Each structure stands twice: as structure tokens, then as C-alpha cells.
K.L.:
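Mind having a look at this structure? Questions to follow.
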Amino acid sequence: MSKWRNFSIFMALVIVTIAALVTIRVMERRMDETIETEQLRFTGTVKDAPPAVAFTSVALGSFRGLLADMLWLRSESMKSKKNYFELVQLARWITDLQPNYSGGTAYLAWNLAYNISVTSSDWEERWYWVNEGIKLIRDKALLYNPNDPKLYHELAWIYLHKMGNVLDDAHLYYKNQLAMEMMTIFGTAEPDWKYLAAAPAGEAEFMKKYPASHRIWQAAKAAGYKDYQALYEAFRQPIPANLPAKLLEKLTPAEANEISAAFRAQMLRDKLRLDPAQMVKLNERYGEMDWRVPESQAIYWATIGLEKSHGKDVHCRRDITHALQAAFRSGRLLVIDTDQGAYLQFIPNYKLARPAYDAFVEAQQAEQGGSAESFRSARINFLKDAIPMLYLNEPREAEEYFRKLIKEDGPQKQNNVVEFVMKEFAEDVRDGDVKKASSIVSECIYRSLDKLVSGERKDAVDYNRLALFIHRQYLKENRDVKRNTLPPFKQMRESMINYCRSIWPRNKVIALDGWLSVEKMEQEAAKKEAKGM
């Protein structure tokens with residue numbers, strides 16, 4: 001009996017051991033699959049970490065994941081205690097310790113840009129957290145994972161949704177800050193991108209083009225700048241960035257322009273990781289974009305992500321199409337608020353209409369099943385969104401897109417494009433966001449001025465009345481929503497007048513100023529008549 005009992009115990013232990021080994025093997029395979037899928041395996045060195053973290057990670061070796069887990073727990077504790085500044089540093093260390101864990105970095109960046117930012121009522125502080133989320137991916141994670149489309153999508157999404165959308169009360173401040181940051185670098189609203197792309201990239205190329213014997217170094221040393229880094233740092237200091245006055249007076253205009261272009265391109269690479277050559281490619285593909293708006297930045301990063309995935313990442317493809325649609329609708333900045341960041345004035349970027357439509361078609365053809373159908377539905381929504389804006393710019397093009405809409409979506413409730421446009425405008429005034437309202441009002445003002453110089457004064461008055469009506473109705477419908485604030489109508493009209501003066505030929509500007517003088521005299525006469533009555 002004792003032998004049988006011992007044998008039974010032995011066999012039970014054997015069975016339990018075999019079952020445990022099989023379970024361990026199954027779990028090991030699953031863990032290996034997860035590690036492979038999530039790219040969690042990393043054997044390199046930790047960069048830019050404080051000495052204590054660097055030493056501990058080396059000492060732990062393969063157990064550095066344990067240190068990362070401890071930091072994750074610490075970060076959650078800091079979040080619950082609202083110790084957010086330490087959380088930023090912890091996020092950077094976690095990214096250093098698990099550099100290939102893109103899902104973890106994406107979560108940390110999302111946490112900073114979304115969850116933590118909204119805990120502050122101060123717009124400047126909110127912008128800090130959103131920017132930290134961007135920098136965690138752009139300046140850290142992408143250095144470790146330059147081929148991971150997930151990270152490019154997450155970065156593009158922050159630009160497109162957090163900054164470009166209107167859901168955050170501080171969205172206008174974000175847009176202003178991004179625009180000012182870009183203008184600080186390239187010194188103007190729209191630089192010559194091809195000129196910047198052709199400039200020497202980095203110190204090595206710069207010194208190859210301008211060796212130590214070149215006369216510019218004689219001028220630089222005479223002004224107190226001994227080498228490339230000293231000159232580059234001096235260029236970066238003023239706002240906007242520019243060469244020091246004591247050096248400019250020693251250079252020819254051509255030399256000053258060439259040096260400035262090289263340094264501006266370098267600043268784009270250093271501060272925002274933007275390559276002017278890639279920006280030129282996107283401008284040539286889609287049409288000249290305003291790189292001060294978040295949507296252009298989203299297109300930039302999502303395009304790289306799509307290329308890294310060999311055209312297979314549907315999230316990056318969606319980012320591109322949605323950003324193109326938004327950039328068409330209100331993708332050019334007319335006025336920024338450099339003081340308070342409380343308002344912006346947008347105008348449509350009509351050059352993006354056809355490329356945006358083509359991008360939706362291309363996306364549908366590249367995808368299958370539900371994804372393909374979603375791009376078809378998005379294209380129909382784009383047509384409905386684009387037709388009213390196109391009608392203000394070129395009625396015949398709006399007619400063309402209205403026919404496309406009927407072909408793809410079937411007959412509409414409205415019998416013609418005019419009725420369709422009026423219906424859409426009414427809905428935009430009621431439900432549209434501030435960017436769309438700004439674009440519509442600005443475009444109506446532009447059409448009014450254009451008709452004025454063409455001598456079609458009745459049409460000019462009608463467009464101006466339409467602009468004023470939409471402006472008043474929009475403010476009335478959104479008077480309780482601070483994030484949907486439009487600039488005063490008078491200011492919007494004056495900004496558009498200045499814009500027209502900057503882009504129209506001289507004869508047209510003279511005609512505009514003449515009509516505006518007549519308009520001013522008529523208004524003064526009307527005031528005198530009203531007082532006399």
C-alpha cells in the first residue's frame with residue numbers, strides 16, 4: 001500500500017511537471033510573439049539618461065525592463081499626485097529604457113498632450129504640455145525607431161486633432177504659437193522653400209561651399225564670430241532669427257541671403273526635425289501649403305509614415321486625406337494674434353482642392369473592404385464640404401464638383417449648385433467651427449473687394465453684406481463658446497484689404513485704394529447727413 005501511494009505521488013508530480021513545462025513553453029511562445037510584434041527587445045545603450053539611470057540600466061543588463069516597470073509605476077503615481085513636471089522626465093527615461101516600445105511612447109505622449117494639458121486653465125501651460133508630447137515622439141522616439149509608422153501616425157494625429165481641431169479651448173493659442181515658431185525660423189510668412197532646400201545642409205556642406213579662406217569668414221571674424229557654430233548661434237538668437245547687423249554690413253546681399261537660407265534650413269532640422277527638401281516635394285505634389293498651420297505638419301509626418309510602411313499603414317493614409325481636406329478648407333493663415341493668441345483669420349487654400357480629391361480616390365483604390373468604403377464616404381463628405389467654398393472662388397469649378405457629387409452619391413435634395421451652396425452655408429453658420437467660419441467670411445470679403453475693383457459694385461456690396469451676415473450669425477450662434485471667437489468684422493476686412501495689396505498687381509491695388517477712398521467719403525457724407533437730420 002505504501003509503495004502504491006509513493007508511486008501515485010510520483011506519477012502525479014511527473015504529470016504536474018510536464019503540464020507546467022508545456023504551459024511555460026506556450027507562454028514563452030506567446031511572450032516571444034508579443035516581443036516581436038511590439039519590438040520590445042533592445043540591447044543597445046541608454047542615451048541622455050542621468051548617471052544613476054545609465055549605471056543601473058547597465059548593471060541590470062537584461063533586467064532593465066524591471067527598471068522601466070518601476071518608472072512606469074512611478075509615472076502613474078506622479079500623475080495621480082499631479083506632479084506633472086517629474087512625469088515629463090520619467091516619460092523620457094522610459095523611452096530611453098524601452099526605445100523600441102512605440103506603443104508605450106505613444107501612450108506617454110498622448111498622456112502629456114491630452115490628459116495633462118487639459119488640467120491647466122492657463123493656455124501657455126497647456127501649450128507646454130502639448131509641445132512636450134510632440135517632442136517625446138519627434139525628438140526622442142523617432143531617433144530610435146525611424147521606420148515605425150505607428151509613431152509617425154501618432155505625431156501627425158497630435159498636430160491634426162489636438163492642435164488643428166477646435167475641441168480644446170486653447171486651440172487658437174496652439175495655432176498661434178506654431179505659426180510664430182515657424183515665422184521665427186524663416187523670418188517671413190512664406191519663404192522660398194526651393195531656395196532653402198538647395199542651401200548647404202549642416203556644417204560640413206557649409207564649410208565645403210564656404211571654406212575657411214572664403215571672404216565671408218574674414219567678415220565673420222572681423223565681426224567677432226570665429227567659426228560656424230558661433231555664427232550659427234548668433235543667427236538663432238534674435239526673434240525672428242537673422243544675421244547680426246554688424247556682420248550684415250560686411251556682406252553682399254547675395255551672401256547674406258545664402259548664409260541665412262543655410263541657417264534657416266538648419267534651424268528647421270534642429271528645432272522641428274523638418275527637412276526643406278521633403279517640404280518641397282509635398283508642395284510639388286499637393287500644391288503650395290502654408291507650413292504655419294498644423295495640418296501641413298500632419299501631412300508631412302503622415303507621409304513619411306506611409307512611405308516607411310510601403311504604403312500599407314491605413315492610419316497614416318487617413319491622416320493625410322483628413323489633413324488635406326482641412327487644409328483646403330482653411331489652410332492659409334491671413335492674420336495671427338501675436339499678443340494674446342485669442343483669434344486667427346483663415347482663408348481657403350484652393351490649390352489643395354484637386355489634390356485632396358485625388359488623395360481620397362488613391363486611398364480607396366489602395367485599401368480593401370471596410371477601409372476602402374470609409375475612404376469613399378470620406379470623399380463624398382469632402383465634396384459636400386468643398387463645393388460651397390469653391391463656389392465663392394470659381395462657380396464653374398463648383399459646378400464640376402457638384403456633378404461629381406451626384407455621380408458618386410446620387411441626386412441631391414437641392415436641384416442645382418446654388419441651392420446646395422445656400423443650404424450648406426446655412427448649416428455652416430449654425431454648426432461650423434471657427435476655422436470654417438473664418439474662411440467663409442474672409443472669402444466673401446475677398447470676393448467683395450475683387451468685384452469692387454472690377455467695377456461690379458452691386459455684387460461687391462452683396463458679397464460684403466453676406467460676409468457681415470455670416471459673421472454676425474456665427475457669433476450669435478456661438479456667443480457662449482470662447483474657443484469659437486472670430487476677430488471683429490472691421491478687423492477681418494482690413495486684414496483682407498492688406499492681403500490684397502500684397503498679392504495684387506499695382507494697377508489693381510491703385511483701383512482698390514481709389515474705390516476705398518470713394519467708400520470712405522460716402523460713409524462720411526452719410527454720417528453728416530444723419531447728424532443733420
Side-chain angles (χ1 to χ4, degrees), residues 123-125 127-128 130-132 134-135 138-139 163 172-207 209-210 212 214-277 279-280 290-294 296-297 333-342 344 495 498-499 502:
W123 289 0
E124 184 177 359
E125 190 172 328
W127 166 246
Y128 170 83
V130 173
N131 212 20
E132 285 298 321
I134 288 173
K135 289 192 291 186
R138 185 192 66 200
D139 301 348
M163 294 175 61
L172 290 172
Y173 187 82
Y174 303 155
K175 294 175 177 68
N176 272 291
Q177 290 301 308
L178 177 63
M180 287 189 288
E181 186 172 35
M182 293 295 287
M183 292 176 68
T184 295
I185 295 173
F186 46 68
T188 182
E190 297 184 37
D192 186 336
W193 292 109
K194 290 184 178 179
Y195 190 61
L196 289 182
E203 183 176 357
E205 286 191 22
F206 189 90
M207 295 306 297
K209 185 171 183 179
Y210 305 107
H214 197 282
R215 69 170 299 277
I216 70 163
W217 289 114
Q218 298 173 8
K221 289 176 181 178
Y225 307 104
K226 61 180 181 178
D227 55 22
Y228 176 89
Q229 286 300 325
L231 188 56
Y232 179 44
E233 288 304 316
F235 178 86
R236 289 161 54 111
Q237 297 308 313
I239 298 177
N242 206 351
L243 288 170
K246 58 183 177 180
L247 177 60
L248 281 173
E249 63 187 19
K250 299 178 183 297
L251 300 174
T252 66
E255 289 170 341
N257 288 337
E258 289 174 0
I259 296 172
S260 295
F263 286 165
R264 293 190 196 286
Q266 188 64 36
M267 283 185 71
L268 279 171
R269 297 185 186 96
D270 291 345
K271 286 195 70 175
L272 302 176
R273 310 290 178 184
L274 297 174
D275 181 3
M279 298 164 87
V280 168
D290 187 337
W291 288 94
R292 297 172 298 168
V293 300
S296 298
Q297 309 270 331
L333 273 176
L334 194 63
V335 175
I336 62 174
D337 182 3
T338 57
D339 295 326
Q340 302 296 323
L344 290 165
S495 298
N498 292 332
Y499 174 72
S502 69

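Given the structure is predicted, the values throughout are model-derived calculations rather than measurements. This chain uses plain numbering: 1 for the first residue, then up along the sequence.
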K.L.:
Can you list every salt bridge (charged side-chain N to carboxylate O under 4.0 Å, His left out) pair that touches residues 183-200, not counting sequence neighbours?
P.N.:
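Residue pairs with at least one partner in residues 183-200: Glu190-Arg332, Lys194-Glu284.
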
K.L.:
Kindly compute the distance separating NZ (Lys135) from CZ (Arg138), expressed to the nearest 0.5 Å.
P.N.:
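Lys135 atom NZ to Arg138 atom CZ measures 7.5 Å (nearest 0.5 Å).
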
K.L.:
Should Phe186 and Trp193 be marked as a ring-ring contact (aromatic ring centres under 6.0 Å, His included) after you check the CA-CA gap, both sets of side-chain angles, and the distance that decides it?
P.N.:
CA-CA 10 Å; Phe186 46 68; Trp193 292 109; 5.4 Å; yes

K.L.:
As an exercise, state the distance from CG of Leu268 to CH2 of Trp291, rounded to the nearest 0.5 Å.
P.N.:
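Reported to 0.5 Å precision, the distance equals 10.0 Å.
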
K.L.:
List for me each residue that meets salt bridge (Lys or Arg N to Asp or Glu O under 4.0 Å) alongside Glu258, sequence neighbours excluded, and say none if there are none.
P.N.:
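Here no residue qualifies.
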
K.L.:
Show me the donor-acceptor pairs within less than 3.5 Å that the side chains of residues 220-231 make with the rest of the protein, sequence neighbours left out.
P.N.:
from   : atom 1 : to     : atom 2 : distance (Å)
Asp227 : OD1    : Gln229 : N      : 3.4
Asp227 : OD1    : Ala230 : N      : 2.9

K.L.:
If you count the non-hydrogen atoms of other residues, nucleotides and ligands that lie under 6.0 Å from CD in Glu203, is the total more than 12?
P.N.:
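More than 12 heavy atoms, drawn from other residues, nucleotides or ligands, come within 6.0 Å of this atom.
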
K.L.:
Roughly how far apart are Gln297 CD and Arg273 CZ, rounded to 0.5 Å?
P.N.:
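Interatomic distance, Gln297 CD to Arg273 CZ, rounded to 0.5 Å: 14.0 Å.
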
K.L.:
Is the closest side-chain heavy-atom distance between Leu274 and Met182 below 4.5 Å?
P.N.:
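A side-chain contact exists here, since the closest heavy-atom pair is under 4.5 Å.
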
K.L.:
So, do Leu178 and Met163 sit near enough that their side-chain heavy atoms are less than 4.5 Å apart?
P.N.:
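They are in contact (side-chain heavy atoms under 4.5 Å apart), so the answer is yes.
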
K.L.:
Rounded to the nearest 0.5 Å, how far apart are CD1 of Ile216 and NZ of Lys209?
P.N.:
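Here the rounded value is 9.5 Å.
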
K.L.:
Indicate yes or no: at least one non-hydrogen side-chain atom of Leu272 is less than 4.5 angstrom from one of Ile185.
P.N.:
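Sidechains of Ile185 and Leu272: in contact.
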
K.L.:
Return all side-chain donor-acceptor pairs below 3.5 angstrom for residues 235-245, not counting sequence neighbours, or 'none' if the list is empty.
P.N.:
from   : atom 1 : to     : atom 2 : distance (Å)
Arg236 : NH1    : Tyr232 : OH     : 3.3
Gln237 : NE2    : Glu233 : O      : 3.1

K.L.:
Who are the side chain to side chain contact (heavy atoms under 4.5 Å, CB included) partners of Gln177, not counting sequence neighbours?
P.N.:
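For Gln177, the residues satisfying side chain to side chain contact (heavy atoms under 4.5 Å, CB included) (neighbours in sequence not counted) are Trp127, Tyr173, Met180.
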
K.L.:
Once the angle between the rings of Tyr210 and Phe206 is folded into 0 to 90°, is it parallel (under 30°), tilted (30 to 60°) or perpendicular (over 60°)?
P.N.:
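The rings of Tyr210 and Phe206 sit tilted, inter-plane angle from 30° to 60°.
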
K.L.:
Check salt bridge (Lys or Arg N to Asp or Glu O under 4.0 Å) between Arg292 and all other residues, then give those that pass, not counting sequence neighbours.
P.N.:
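Partners of Arg292 under the salt bridge (Lys or Arg N to Asp or Glu O under 4.0 Å) test: Asp290.
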
K.L.:
Show your working on side-chain contact (heavy atoms from CB on, under 4.5 Å) between Asn257 and Tyr195 and close with a plain yes or no.
P.N.:
CA-CA 10 Å; Asn257 288 337; Tyr195 190 61; 3.7 Å; yes

K.L.:
Tell me, do Thr338 and Asn176 make a side-chain contact under 4.5 Å, heavy atoms counted?
P.N.:
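With C-beta onward as the side chain, the pair stays apart.
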
K.L.:
According to salt bridge (Lys or Arg N to Asp or Glu O under 4.0 Å), who are the partners of Asp337, at least two apart in sequence or on a separate chain?
P.N.:
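With neighbours one apart ignored, the set is empty.
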
K.L.:
Looking at residues at least two apart in the chain, or sitting in another chain, which of them share a side chain to side chain donor-acceptor pair (under 3.5 Å) with Gln266?
P.N.:
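Gln266 satisfies side chain to side chain donor-acceptor pair (under 3.5 Å) with Asp270 once adjacent residues are dropped.
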
K.L.:
Got a second to check how far Ser260's OG is from Leu196's CG, nearest 0.5 Å?
P.N.:
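Rounded to the nearest 0.5 Å, the OG-CG separation comes out at 10.0 Å.
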
K.L.:
For Gln340, look at atom CD and say whether over 12 heavy atoms of other residues, nucleotides or ligands are found less than 6.0 Å away.
P.N.:
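Incorrect, the count does not exceed 12.
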
K.L.:
Using the side chain to side chain donor-acceptor pair (under 3.5 Å) criterion, which residues pair with Thr252? Sequence neighbours excluded.
P.N.:
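Here the qualifying residues are Glu255.
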
K.L.:
Can you give me the closest heavy-atom contact between Arg264 and Thr184, atom names plus distance?
P.N.:
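It is NH1-O, 4.5 Å.
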
K.L.:
Under the side chain to side chain contact (heavy atoms under 4.5 Å, CB included) test, which residues partner Asp275, sequence neighbours left out?
P.N.:
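In terms of side chain to side chain contact (heavy atoms under 4.5 Å, CB included), with neighbours along the sequence ignored, Asp275 is linked to Arg269, Ala277, Gln278, Tyr300.
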
K.L.:
Measuring only between side-chain heavy atoms, which start at C-beta, is Tyr128 closer than 4.5 Å to Asn131?
P.N.:
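When only atoms from C-beta onward are counted, Asn131 and Tyr128 do not touch, as no gap falls below 4.5 Å.
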
